Undergrad: 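Here's a structure for you.
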There are 2 protein chains.
Amino acid sequence: MMNQQIYASIITIGDELLIGQTIDTNSAWMAQELNKIGVWVKRRVAVGDKREDIWQALDEESEHAQIILLTGGLGPTADDITKPLLCDYFGGKMIMDENVLQHVTAIFRKLNRPMIDRNIKQAEVPDVCTVLMNKRGTAPGMLFRKGNCIYVSMPGVPHEMKGLMQDKVLPLLQKDFHLPFILHRTLLTAGVGESFLADKINEWEIALPAHIKLAYLPNYGMVRLRLTSTGNDEKKLSQELDEQFTELQQQVAEHMVINEDITLEEALGKLLLSKNQTMATAESCSGGYIAHLLTSIPGSSVYFKGTVVAYAYDVKEDVLGVNHETLEVKGAVSEETVREMLTGLLNTTTADYGIATSGVMGPGGGTTDKPVGTVWVAVGTREKAIAKKLYFRFDRLKNIELTAAHAMLLLYRFIKGDNLN
Amino acid sequence: MMNQQIYASIITIGDELLIGQTIDTNSAWMAQELNKIGVWVKRRVAVGDKREDIWQALDEESEHAQIILLTGGLGPTADDITKPLLCDYFGGKMIMDENVLQHVTAIFRKLNRPMIDRNIKQAEVPDVCTVLMNKRGTAPGMLFRKGNCIYVSMPGVPHEMKGLMQDKVLPLLQKDFHLPFILHRTLLTAGVGESFLADKINEWEIALPAHIKLAYLPNYGMVRLRLTSTGNDEKKLSQELDEQFTELQQQVAEHMVINEDITLEEALGKLLLSKNQTMATAESCSGGYIAHLLTSIPGSSVYFKGTVVAYAYDVKEDVLGVNHETLEVKGAVSEETVREMLTGLLNTTTADYGIATSGVMGPGGGTTDKPVGTVWVAVGTREKAIAKKLYFRFDRLKNIELTAAHAMLLLYRFIKGDNLN
C-alpha cells in the first residue's frame with residue numbers, strides 16, 4: 001500500500017520580504033532538504049510583521065499541510081512580534097527557559113558584548129512548545145503540535161535555520177511520519193530550446209507512468225530536464241527511474257552536456273580532477289565572476305590556479321601581455337584580444353587550460369558594430385585554442401552570468417574533445 | 001482624507017520553486033517596484049503546477065488583496081497548465097491573438113529556429129483577458145478583472161516579467177488606483193549588534209508617529225536601519241521623514257557608515273568617483289568575488305582597474321611578487337602575505353588603492369592556529385597600508401561573502417580617513 005503523501009507549508013515572516021529588501025533563499029534550501037526525506041512542499045507563503053496576517057497564515061496553511069515551518073520574526077528588536085503571537089495561538093504563557101538563557105549568556109560572553117534585557121528575553125519561550133536548541137545563535141527553535149499538524153518556528157538567519165533543520169527538525173519529522181521516497185534524475189542540455197526538446201521527446205514523455213513526472217527547467221539559454229518519481233519501494237523506484245533516465249539520455253544525446261544534477265563549475269572541477277589538470281581565467285567583461293563560481297566549490301584550489309581580471313587596458317597589457325596595437329586596432333572586444341589574453345594567461349601561470357573573456361555588458365559602452373551584449377570568449381591550452389563570439393540581450397548582471405556559464409560550457413566541451421565548430 | 005491602502009498579493013507558480021531548484025528573485029523585485037508606486041505587498045505565495053492548487057490560491061488571495069500578480073507557468077512545454085486554468089477561472093474560451101502570433105513568428109524568424117505547434121499555441125489567449133504584449137519573449141501577459149480585483153499573469157522569466165511590469169503593469173495600476181506615497185530612508189551601521197542599537201535608540205523609536213515605522217535589517221554582521229512612512233502628501237511626508245532621519249543619524253553617528261540605501265560596492269564606487277581615483281584587488285580566499293561585486297556596477301570601469309586572483313602559491317609569487325620565504329615561513333594566511341600581496345598589486349597596476357585578502361574559507365584547510373574562517377585583509381595605497389585579522393564562523397560561501405563585505409568596508413573607511421585602530 002502506498003504511504004499517504006505528507007505535505008509541508010513554509011511560512012516566512014518579515015516586512016523585508018514584502019518590500020523586496022531581502023531575497024528569500026531559505027525556502028529553496030528548506031524545500032530541497034524536505035524533498036530529500038520525502039516531504040512535498042505544497043505552498044510557500046510570505047507575510048509581514050503583522051499579528052493578524054501571521055495568525056491568518058497559520059490558520060490557512062494548516063488546511064493545506066501537516067507540517068508548517070515558520071522562519072523569521074524572532075530577532076531581539078521591537079519589530080518582532082512572532083513569539084508572543086505563537087504563545088497566544090497555541091494557548092500558552094511565556095516562561096524563561098534556563099538552558100536557553102545559559103546558552104545566550106555564553107554567546108555574549110564569547111563575543112565580549114554587553115548583555116541587555118532584550119537579549120535575556122530571547123530565552124523566554126511559550127510553555128506549550130518543545131524547545132529546539134539553536135547552537136548557532138540566540139533565538140531558539142520552537143515546536144508546537146495542534147490538531148494533526150506540527151508547527152516549527154525558526155529564526156530567519158539562514159545559517160541558524162540550517163543548523164536547526166539539520167540537527168533537529170529533519171530527524172524529528174522522519175521519526176514522526178512514515179515518509180515515501182522522492183527520487184530525481186537530472187540532465188543538462190545546451191544549444192536547443194525547451195519547445196524543441198519537448199517535441200523531440202513527446203512520445204516517450206506521454207508514455208511515462210503516472211508516478212514519474214518530467215520537468216523542463218530552462219536557465220542561461222540551456223535546459224535542464226528533471227525526472228521525479230515518488231513511491232515506497234526505494235529499490236524498485238530507483239531501478240525504474242534509471243531505466244527511464246537512460247532512455248531519455250539516448251533521445252537527447254546530441255544535445256546533452258551533463259547527466260548529473262550539478263552545476264557547470266562543479267562539472268568542470270570534476271573533469272579537471274579526473275585528469276589531474278588545472279585551469280586559470282583571464283576575465284575582462286565577466287569581472288571575476290567565473291573565478292568566484294569556481295572558487296565557491298570546496299577543494300577547488302587543487303585544480304584552480306588563479307585569475308587576472310583585466311578591466312583596464314594597462315592591466316591587459318602589463319599583466320597579460322596583450323599587444324597595445326591589438327587593443328588599438330582591433331579593440332578590447334575582439335577575437336584577437338581574447339586570444340592574446342589567453343596566451344598571456346597561460347604564459348603567466350602554470351595552468352593547463354585557460355578561459356579568456358571580453359565583451360560589452362551594458363547598459364553603456366555599446367557601438368553599432370559591437371552592441372551591448374557582444375562577447376568574445378577564448379578557451380584552450382598552450383597548443384590549441386578556439387574563440388567564439390556570443391551575443392546576449394539582457395541586463396548587465398544577467399549578461400555577466402551568461403558569459404560565465406557559456407565560457408565554462410565551452411571549456412568543458414573543449415576538454416571533453418567535442419566538435420566545437 | 002487618507003487614501004485607502006491598496007494591497008497586492010504575488011502568486012508564483014511552478015514545481016521548481018517547491019523543490020528548491022529555483023530561488024524566487026522575481027517577487028523581491030516586484031515588491032520593490034510596487035512599493036515605489038505606493039502599493040503594499042501583503043502576501044507572497046508559491047504553489048506548484050497543479051490545477052487545484054493554483055485555483056485555490058486565486059480564490060484565497062482575492063480575499064487578501066485587490067491586485068493579484070501571477071508569474072510562471074506560461075512556457076511552451078507540457079508541464080504548464082496555467083493558461084487553460086485562467087481561461088476557465090475567468091469564464092472565457094481560448095482564441096488565437098493575431099498580434100501575438102505575428103510577434104512570436106517574428107521572434108522565431110530572428111532566432112532562425114523552426115516554429116512548431118507548441119510555439120503557435122503561445123499566441124492563444126482567453127477571450128476574457130486584455131493582452132499585454134511581451135516584447136522580450138513569446139508568452140504574452142494577460143490581465144483579468146473579477147469582483148474588485150485585478151489579476152495579471154506574466155511569464156516567470158525575470159527579464160520578460162520585468163519588461164512587462166515596467167512597460168504595462170505599473171503604469172496601468174497607477175491609472176486604476178488612487179495610490180498613497182510610501183517613502184523610505186535607510187542607513188548602514190557596522191560594528192554593533194541589532195539589540196545594542198535598539199537599546200540605544202529606544203526612546204526615540206517609541207516616540208515615532210504611528211505612520212512612520214523603523215525596521216532593523218541585519219546582514220553580514222552589519223545592521224541597516226530603515227524608516228518607512230506612508231501618506232498622501234508627498235512633500236509633507238518627505239520633510240517629516242527627513243527630520244526623523246536626521247535625528248536617527250545623530251543618535252547612531254559613531255556606528256554609521258553610509259546614510260543611503262546603497263550597497264558597499266556602490267558606496268565605494270561613488271567615493272572613488274568623487275575623488276577621481278581608482279582601485280584594484282588581489283584576492284586569494286575571496287576568489288574574485290570582490291571584483292565581481294565591483295564590476296556588477298554599471299560604469300565601474302572608470303574606477304576599477306582589475307584583479308589578480310592568486311589561488312595558487314605560484315600566482316602569488318609570479319604575478320604579485322610575494323616572497324617565497326614569506327609564504328613558507330609565515331604561511332599564505334598571514335599579515336605579511338596580505339601586505340606583500342597588496343604591495344605587489346600596486347606595483348603591477350596603476351590603481352591608487354588596493355585590497356588584498358587571504359584566508360581559510362572551509363570546509364577543509366583549517367589548522368589549530370588558523371581555523372576555518374580565519375581571514376587576513378590589507379587595504380591601502382603605495383604609501384600607507386593597514387592589515388586586519390577577521391574571523392567568520394559560517395559555511396564557505398557565507399565566509400566568502402563576509403570577507404568581501406568587510407574588506408570593502410575597511411577600504412571605504414580607510415579612504416574616508418576613519419580611525420581604524
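Just so it is clear, the values below take in all heavy atoms, side chains as well, and ignore hydrogens, waters and symmetry mates. Chain letters run A, B, ... following the sequence lines, proteins first, then strands; residues in each count from 1. Everything quoted here is computed from the prediction, not taken from an experiment.
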Undergrad: Where do B:Asp24 and A:Ile23 come nearest, in terms of heavy atoms and distance?
TA: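 Scanning both residues, the minimum pair turns out to be O-CG2, 3.9 Å.
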Undergrad: I'd like to know if the side chain of B:Arg44 reaches the main chain of A:Leu17, judged simply by a donor and an acceptor atom lying under 3.5 Å from each other, with no hydrogens or angles considered.
TA: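 Yes, because the side chain of B:Arg44 sits within donor-acceptor range (under 3.5 Å) of the backbone of A:Leu17.
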Undergrad: Checking side-chain contact (heavy atoms from CB on, under 4.5 Å) for the pair A:Tyr311/B:Ser300: CA distance, chi angles, key distance, verdict?
TA: CA-CA 9 Å; A:Tyr311 234 51; B:Ser300 50; 3.8 Å; yes
Undergrad: For B:Arg396 and A:Thr295, indicate whether the former's side chain and the latter's backbone hold a donor-acceptor pair under 3.5 Å.
TA: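 The answer is yes, because a donor-acceptor pair under 3.5 Å joins these two groups.
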Undergrad: Can you name the nearest heavy-atom pair linking A:His292 to B:Gly288, along with the distance?
TA: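 Of all heavy-atom pairs spanning A:His292 and B:Gly288, the closest is CB-C, 4.4 Å.
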Undergrad: Roughly how far apart are B:Asn399 CG and A:Ser296 OG, rounded to 0.5 Å?
TA: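 If we round to the nearest 0.5 Å, B:Asn399:CG and A:Ser296:OG are 11.5 Å apart.
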Undergrad: Quick check on A:Pro114 against chain B: is it the side chain, the backbone, both or neither that has a heavy atom closer than 4.5 Å?
TA: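 Contact with chain B involves the side chain of A:Pro114 alone.
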Undergrad: Using a 3.5 Å distance criterion without hydrogens, assess whether the side chain of B:Arg136 forms a donor-acceptor pair with backbone atoms of A:Arg393.
TA: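 Flag not set: sc B:Arg136 to bb A:Arg393 has no pair under 3.5 Å.
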Undergrad: Counting only non-hydrogen atoms closer than 4.5 Å, does B:Val192 touch chain A with its backbone (N, CA, C, O), its side chain (CB onward), both, or neither?
TA: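 Just the backbone, heavy atoms under 4.5 Å.
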Undergrad: Quick one: list whatever passes side chain to side chain donor-acceptor pair (under 3.5 Å) with A:Asp15, sequence neighbours left out.
TA: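 By the side chain to side chain donor-acceptor pair (under 3.5 Å) rule, A:Asp15 matches B:Lys213.
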Undergrad: If every non-hydrogen atom of B:Ala31 is compared with every non-hydrogen atom of A:Ile19, which pair is closest and at what distance?
TA: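 Looks like CB-C, 3.8 Å.
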Undergrad: Just verifying a value: how many Å separate B:Lys305 NZ and A:Asp314 CG, rounded to the nearest 0.5 Å?
TA: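 These two atoms lie 4.0 Å from each other.
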